[in-house]
Each structure stands twice: as structure tokens, then as C-alpha cells.
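This structure is a prediction, so every number in the text was calculated from the model and none was measured.
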Amino acid sequence: MKKSLVNRKYSSAKVGLIFVMPLVLIMGVFLLFPILKAGLMSFQYWYIPKPKPEGNYFVGFENYLLVLKDPYFLSSLVKTGIYIIVTVVGRYLLGMGSAILLNQKFPGRSIARGLLIIPWAIPEVVACLIWILMYDRDYGLINYILQQFRLLSEPAGFLSDPNIALPSAMAVNIWKGFPFVGIMLLAGLQSIPGELYEATKVDGANSFEQFRHITLPLLKPVSGVVFLLLIIWTIKDFGIAYLLAKGGPSRATEILTIYVYQSAFKFFDFGKAAASGIIMLIFSMVFTYFYLKSQSTEVQ
């Protein structure tokens, strides 16, 4: 009896392994292998414009030192930090406002909830093309509106002026990403018992006090997960900044992902690109660790 039970468990594990193997193979080929290959390349000579007779020989940490000494890398690191802080905070605040508004009862609330997801659902390329048209210096809607309200004396080059190109890209990122935050926080708000608000209202608490002492503390687990996810996604964000300005003008929008891309496919220094990519991967893994830790804490 015991032997047949063991055999049954072994058979179930074997079947489970068969089902899991395709996923393991796909992840190994398309995820693990490229990471290992990039890690190896980061320690090798891969400057294509100047090939060496020795081939792709090992150079130790030389690529990493070149990256860390490169002023453009340091500049892109600072830009990425600013990009992350502004867009994460902006998306959270807009998402919170949307969630609180859509948690109220009003006619057409279900339609408004459906409309909220539109910016997030629009493909990134399409969204960027729309914003490029709206940012246009001569025919763009944004310049027209700002001039009509006397906020601008002359048209602004939102994507051609180095001083405002990065904030313009941030605005698109915030617009594209805040619906996700709104949906997550709305789900969190709906899990808060209404009796808590009724009890504090009896005690004379106003809306701000209810928000401060009930809403924010009870949304803390959801908010923590949202913040970590936004940070992880923004570290590897590439499409919006590249599609809008391709890292320009004058490298004003060159965040880390664009720096890695330019190093590899513009300057053909694959060793340097691999080293900067591994540095970026380490940053992502740090925040991923905190995300997984927060998830395991919630489960317990």
C-alpha cells in the first residue's frame, strides 16, 4: 500500500515535470542564456570598429571601469534617477486621485472606470506617435492651447529643446502609466470596510482626516507593491523616451536603457554595452528582491 502511494506520488511529480519543462526550456533559451552571454561579453573585448587579432579576449573589469568613467553613463544614471522619481510619484498621485474619484457613487461610474484604462491599453508606439503630433512646434495641440491661454508667447519645442525634452517624455510616461496605479488602488479602496468611515464620521472626522488615518494606512500594502513594480518597470523603460526623441536632443533624454542601446548599436562597443546592461540588471534585481520580499510577507 505504502509502495503504491510512493509510486503514485513519483508518477504525479514526473507528469508535473513534463508540463513544466517547456517553460523551463523557453526561459533558459530566451532569458537565462542572453543574461549569461551578456555577463561573459562584459568581461571581453568587443569593440567592433577596432577588431584585435586576439579576438574577443578577456579584459577583466576594464569594460566596467570604462562605463563608470564615462561622463555620459553618469549623466544617464542621473537622468534615470530623476525619470524614476518624477514618473513614479506622478503616476501614483494621479492614480490615487483617479481611484478615490472612481470609488465614489455617481451616474456613469462604470463607463468612467472603463475609460480610465484607455491610456494604459493603447500600444506604446501609437501613444508616442499621438504625443509627437500634440508636441509639434508648429501644428501641435499643446502649443496651441498654451498660446491661447497666454501661457506661452511663442511655440515651444517640447522634443527639440534639451531643457524640456526629458520633462516632456516624463509627462507621456505618467499619462501612459497612471491607469494601472488607479486600478490597483481602486481595488484596494473597495476592500476597506465602509463601517470604518461611518464610525469616524460620527466622531467628527472630516474627509482629509479619514484619508490620512484610514485610507492611506490600509492602502499601504497595495501602495508598496505598486511603488516597487513602477520602479522596476521604469528602470528598464526604453520605448517612450526612445520613440519620442531617440535619446536626444544632445542626449537630453538618454536614460540608462538608451545608453546601453546606443553603446551597442550606434558605437558598436558591445563589451561596454554588456557591462552597462549588467549594472542596470543589478539595480533591477535589488528592487525585485524587495518586491518578492514584500509579497512573501503578505502571504505569511
Side-chain angles (χ1 to χ4, degrees), residues 13-81 83-84 88 124-125 225 227-243 246-247 251 253-296 299:
K14 196 174 180 181
V15 171
L17 187 64
I18 291 170
F19 280 109
V20 169
M21 276 308 292
L23 178 62
V24 173
L25 288 172
I26 290 169
M27 289 187 67
V29 172
F30 295 103
L31 184 66
L32 186 60
F33 175 74
I35 291 173
L36 293 174
K37 179 63 176 176
L40 178 64
M41 289 175 68
S42 69
F43 293 102
Q44 293 178 316
Y45 182 87
W46 273 95
Y47 188 45
I48 305 301
K50 292 183 179 179
K52 296 290 181 73
E54 301 91 335
N56 306 121
Y57 60 92
F58 280 88
V59 293
F61 289 94
E62 185 178 323
N63 288 322
Y64 289 92
L65 292 174
L66 287 172
V67 168
L68 295 174
K69 289 178 181 178
D70 187 352
Y72 290 119
F73 172 79
L74 300 176
S75 175
S76 68
L77 193 62
V78 172
K79 289 187 185 80
T80 304
Y83 191 82
I84 290 170
V88 168
E124 207 167 65
V125 175
V225 171
F227 268 113
L228 286 169
L229 281 174
L230 290 178
I231 291 169
I232 294 166
W233 291 343
T234 311
I235 288 173
K236 64 182 185 64
D237 186 44
F238 173 81
I240 290 175
Y242 187 78
L243 289 168
K246 293 183 173 56
R251 292 185 138 175
T253 58
E254 189 179 74
I255 54 178
L256 271 177
T257 47
I258 297 178
Y259 174 87
V260 175
Y261 176 83
Q262 302 275 41
S263 298
F265 301 109
K266 185 178 180 181
F267 303 109
F268 299 103
D269 194 342
F270 291 103
K272 195 175 174 182
S276 52
I278 295 297
I279 292 171
M280 194 173 71
L281 175 65
I282 292 168
F283 285 136
S284 299
M285 288 176 67
V286 170
F287 288 104
T288 303
Y289 166 76
F290 286 114
Y291 169 72
L292 294 173
K293 191 176 180 181
S294 68
Q295 291 295 94
S296 63
V299 171

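In this structure, the separation between CD1 on I48 and CZ on F267 is 15.0 Å, given to the nearest 0.5 Å. Between atom CD1 of residue I84 and atom CG of residue L256 there is a gap of 8.0 Å, rounded to the nearest 0.5 Å. Taken to the nearest 0.5 Å, the OH atom of Y242 stands 8.0 Å off from the CD1 atom of I258. Rounded to the nearest 0.5 angstrom, Q262 CD and D269 CG are separated by 13.0 Å. Here CD1 of I232 is found 11.0 Å from CZ of F290. Values are rounded to the nearest 0.5 Å. The distance from the CD1 atom of I279 to the OH atom of Y259 is 8.5 Å, given to the nearest 0.5 Å.
Across every non-hydrogen atom of I35 and I278, the tightest pair is O-CD1, 4.3 Å. Here the shortest heavy-atom pairing between S42 and A274 reads N-CB, 3.7 Å. What you find for I18 and P22 is that their closest heavy atoms are O-CD, 3.2 Å.
K79 forms no cation-pi arrangement with Y83, by the criterion of a distance under 6.0 Å to the ring centre and an angle within 45° of the ring axis.
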Run the numbers on Y57 and Q44 for side-chain contact (heavy atoms from CB on, under 4.5 Å), then give the verdict. CA-CA 5 Å; Y57 60 92; Q44 293 178 316; over 6 Å; no
- request: Show your reasoning for whether side-chain contact (heavy atoms from CB on, under 4.5 Å) applies to E124 and I240.
  value: CA-CA 7 Å; E124 207 167 65; I240 290 175; 3.8 Å; yes
Stepwise, does the side-chain contact (heavy atoms from CB on, under 4.5 Å) test hold for S76 with I255? CA-CA 5 Å; S76 68; I255 54 178; 5.8 Å; no
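Within a 6.0 Å sphere centred on CZ of F30, other residues, nucleotides and ligands contribute 12 heavy atoms or fewer. Taking a 6.0 Å sphere around CZ of F287, one finds it holds 12 or fewer heavy atoms contributed by other residues, nucleotides or ligands.
At least one side-chain heavy atom of V125 sits under 4.5 Å from a side-chain heavy atom of L243. When side chains are defined from C-beta on, F265 counts as touching F270, because their heavy atoms get closer than 4.5 Å. At a threshold of 4.5 Å between non-hydrogen side-chain atoms, the residues I235 and M280 count as touching. Counting heavy atoms from C-beta on, the side chains of K272 and D70 come closer than 4.5 Å. Two residues are said to be in side-chain contact when any heavy atoms from C-beta on lie closer than 4.5 Å; L68 and F61 fail this criterion. Proximity of E254 to Y72: side-chain heavy atoms (C-beta onward) are separated by under 4.5 Å at one or more points.
Close placement of the F43 and Y64 rings is indicated, their centers lying within 6.0 Å of each other. Taking the six-membered ring where the residue is Trp, the centroids of F238 and Y261 are separated by under 6.0 Å.
Every residue meeting the side-chain contact (heavy atoms from CB on, under 4.5 Å) condition with L66, not counting sequence neighbours, appears here in chain and number order: E62, N63.
Remark: of the listed residues I231, T80, L77, L77 is the sole one forming a side chain to side chain contact (heavy atoms under 4.5 Å, CB included) with F283.
The closest donor-acceptor contact from the side chain of T253 to the backbone of G247 lies under 3.5 Å. In this structure a side-chain-to-backbone donor-acceptor pair under 3.5 Å is present from T257 to D237.
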